Trainee: 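Pasting a structure here, questions to come.
Note that this is a predicted model, so its numbers are computed, not measured.
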Amino acid sequence: MAQQSLDPQTVGTNGRRSLLRGLGAAVGAALIAPPLARAQAGPAAPPSTITQPPRDFSVNGAPTTYFTDPDVLTVDPVFDGLRQPNAPIQRLWTGALWSEGPAWNSVGKFLVWSDIPNNRQLRYLEDDGHVSVFRSPSNNSNGNTFDYAGRQLSCEHITRRVVRYELDGSTTIIASMYNGKRLNSPNDVVPHPDGSYWFTDPPYGAQLYEGTVDAPGGPANKAGHLNARLGQPPELGSYKRELPTSVYRVDKNGTVTLVVTEEQVPDPNGLCFSPDHKKLYVISTGQGPGDTIPGGKGDMYVFDVGGDNKLSNGKLFSDFMIDGVKCGPDGVRADVDGNLWVSSNAGRAVGYSGVTVWNPQGKLIGRIRLPEICGNVCFGGPKRNRLFMAASQSLYGLYTATQGAAPG
């Protein structure tokens, strides 16, 4: 194509005006170009969306899925058999302060999850997507699940216990003490077919935002400047941390047994069984208030579960370093093939928070990118093929081509 002459003698009045308009537009565009189009001198504030152009996750947002969702990423081809083509990531609800502990009720066809700082549990109805308060106060509950009899289990921060909500409406305390000492703040719980429950007990509830601190002199309130009783019922606020962080098993008769020590997995958080219940996966998260030894480093460990319910051969499953980014794990669920779907907290590394998916050998096979840090996940829906993701202030859903292994 011949180059156009810019000689003023050969450009008419209209041509000059057009030329000036074009040059002005070009200069203006350069001045207002987005930061991504220019070299960055330093780290930019994290955007609120992942894809470009920016994605609107709300119900009024433009379509994003033409065959596969752009934020569901295949890392290994085996993941293509687990993701559902033409299924979008959906933001189902937003408005929490910190979402955690999603659990699916198969009979009622609803999801329960915790909004910890707001001291409530929320419920999402499958039939029309309605969300309402399910239980308030919830004693700053964190992890929830449903056992093999359909009863809800909840881990409570303020009361430092695990409870079960019975089918007749009553409440049973499953565990609150070990060796005569009060638990720290149970975090996550899973049922076993033999009728036992396994739960983690880190110290994260000993803070004002998600529970309450220790009484004066306790590890989470050594100076005693904070009043643990403010805003609490009169019988609460007097607890002091007495135990290291651990994982426990409660059998059907109520006996509490230590199964994983603080030295093996400091600050244990999320946990789940393999589909055959022969392996237990335990996540070690960051250091909590009043830790007696350095806290977790964002890893997950796996143990063999013996016929006597004793654990052995504990080893590191993954350190969750992906592309040089620490994708800190929190909650985990297994699918029917033994793959692990793990929530990801990558901090300000936008594009790495959400969910990471691993095969049973510890190989990363897929990722789900969310615009928020993800705290925990579960499988639900009538076919148990929908992944629910409790992420910071919101609840997300994604249909998959597999099913969850656990009942809730």
Trainee: When you check the gap from the basic side-chain N to the acidic O, do Asp127 and Lys109 get nearer than 4.0 Å?
Mentor: no
Trainee: Is there a donor-acceptor pair under 3.5 Å between the side chain of Arg83 and the backbone N or O of Val72?
Mentor: yes
Trainee: Mind checking whether Trp98 and Tyr209 have ring centres under 6.0 Å apart?
Mentor: no
Trainee: Quick one: salt bridge (Lys or Arg N to Asp or Glu O under 4.0 Å) pairs with a partner in residues 306-333, sequence neighbours left out?
Mentor: Asp299-Lys326
Trainee: Please report the closest heavy-atom contact between Asn184 and Pro202, naming both atoms and the distance.
Mentor: CB-O, 3.2 Å
Trainee: Check Leu280, Leu311, Asn309 against Arg249 for a side-chain contact (heavy atoms from CB on, under 4.5 Å) and give me the one that passes.
Mentor: Asn309
Trainee: Whether the side chain of Ser114 engages the backbone of Gln121 through a donor-acceptor N/O pair (distance < 3.5 Å, no angle test) should be reported.
Mentor: no
Trainee: Does the Lys NZ or Arg CZ of Arg367 fall within the cation-pi geometry relative to Tyr352 - under 6.0 Å from the ring centre and within 45° of the axis?
Mentor: yes
Trainee: Identify the heavy atoms of Ala228 and Thr212 that sit nearest to each other, and give their distance.
Mentor: O-OG1, 2.9 Å
Trainee: Shortest non-hydrogen contact from Asn144 to Ser154?
Mentor: OD1-OG, 2.6 Å
Trainee: Any sub-3.5 Å donor-acceptor pair from Asp335's side-chain atoms to Asp337's backbone N or O?
Mentor: yes
Trainee: Sequence neighbours excluded, which residues qualify as side-chain contact (heavy atoms from CB on, under 4.5 Å) partners of Ser185?
Mentor: His157
Trainee: Under the side chain to side chain contact (heavy atoms under 4.5 Å, CB included) criterion, do Asn339 and Leu82 qualify, and how do the steps go?
Mentor: CA-CA 10 Å; Asn339 302 300; Leu82 302 176; 3.5 Å; yes
Trainee: Are the side chains of Ile158 and Gln232 in touch, meaning some heavy atoms are under 4.5 Å apart?
Mentor: yes
Trainee: Run the ring-centre check on Phe388 versus Tyr396 and record whether the distance is less than 6.0 Å.
Mentor: no
Trainee: Compile the donor-acceptor pairs under 3.5 Å between side chains in residues 400-408 and protein atoms, sequence neighbours left out, one pair per line.
Mentor:
residue: Thr400; atom: OG1; partner: Asn385; partner atom: O; Å: 2.9
residue: Thr400; atom: OG1; partner: Thr402; partner atom: N; Å: 3.3
residue: Thr400; atom: OG1; partner: Thr402; partner atom: O; Å: 3.1
residue: Gln403; atom: NE2; partner: Lys383; partner atom: O; Å: 2.8

Trainee: Determine yes or no for a side-chain-to-main-chain donor-acceptor pair under 3.5 angstrom, with Glu210 supplying the side chain and Gln207 the backbone.
Mentor: no
Trainee: Centroid separation under 6.0 Å, is that true for the rings of Phe303 and Tyr281?
Mentor: no
Trainee: Do you know the tightest heavy-atom contact between Pro268 and Val265?
Mentor: CD-O, 3.4 Å
Trainee: Looking only at side-chain N and O atoms, does Asn376 offer a donor or acceptor that is under 3.5 Å from a partner on Glu100?
Mentor: yes
Trainee: Please examine the side chains of Leu111 and Cys378, heavy atoms only from C-beta on, and report whether any two atoms are closer than 4.5 Å.
Mentor: yes
Trainee: Under the criterion ring-ring contact (aromatic ring centres under 6.0 Å, His included), which of Trp104, Trp93, Tyr124 is the partner of Trp113?
Mentor: Trp93
Trainee: Is the shortest distance from a Lys or Arg side-chain nitrogen in Glu242 or Lys240 to a carboxylate oxygen in the other one below 4.0 Å?
Mentor: no
Trainee: Apply the side-chain hydrogen bond (donor to acceptor under 3.5 Å, both in side chains) test between Thr94 and each candidate in Ser392, Ser394, Ser58, Ser99; give the one that qualifies.
Mentor: Ser394
Trainee: For Asp76, does its backbone N or O pair with a side-chain atom of Thr74 as donor and acceptor, under 3.5 Å?
Mentor: no
Trainee: Do the side-chain N and O atoms of Tyr197 and Asp147 include a donor-acceptor pair separated by under 3.5 angstrom?
Mentor: yes
Trainee: Where the side chain of Asp71 meets the backbone of Ile368, is there a donor-acceptor pair that is under 3.5 Å apart?
Mentor: no
Trainee: Is a side-chain donor or acceptor of Glu372 paired with a backbone partner of Gln393 at a separation under 3.5 angstrom?
Mentor: yes
Trainee: According to side-chain hydrogen bond (donor to acceptor under 3.5 Å, both in side chains), who are the partners of Arg160, at least two apart in sequence or on a separate chain?
Mentor: Asp214
Trainee: Please report the closest heavy-atom contact between Pro203 and Arg241, naming both atoms and the distance.
Mentor: CB-NH1, 3.6 Å
Trainee: Ignoring hydrogens and geometry, is there a side-chain-to-backbone donor-acceptor pair from Asn139 to Glu156 under 3.5 Å?
Mentor: no
Trainee: Who pairs with His277 by side-chain hydrogen bond (donor to acceptor under 3.5 Å, both in side chains), at least two apart in sequence or on another chain?
Mentor: Tyr148
Trainee: Would a 4.5 Å heavy-atom cut-off, applied to side chains only, mark Trp198 and Val250 as touching?
Mentor: no
Trainee: Not counting sequence neighbours, list each pair that qualifies as a salt bridge (Lys or Arg N to Asp or Glu O under 4.0 Å) and has a residue in residues 169-183.
Mentor: none
Trainee: May I ask you to test the Leu271-Ile283 pair for a side-chain heavy-atom distance under 4.5 Å?
Mentor: no
Trainee: Is Asp201 close to Pro186 at the side-chain level, that is, under 4.5 Å between some pair of heavy atoms?
Mentor: yes
Trainee: What are the two closest non-hydrogen atoms of Ile116 and Asn140, and how far apart are they?
Mentor: O-ND2, 2.6 Å
Trainee: Under 6.0 Å between ring centres, would you say that holds for His192 and Phe273?
Mentor: yes
Trainee: Please work out whether the ring planes of Phe79 and Trp341 are parallel, tilted or perpendicular, with thresholds of 30° and 60°.
Mentor: tilted
Trainee: Looking at the rings of Phe199 and Tyr248, which for Trp means the six-membered one, are their centres under 6.0 Å apart?
Mentor: yes
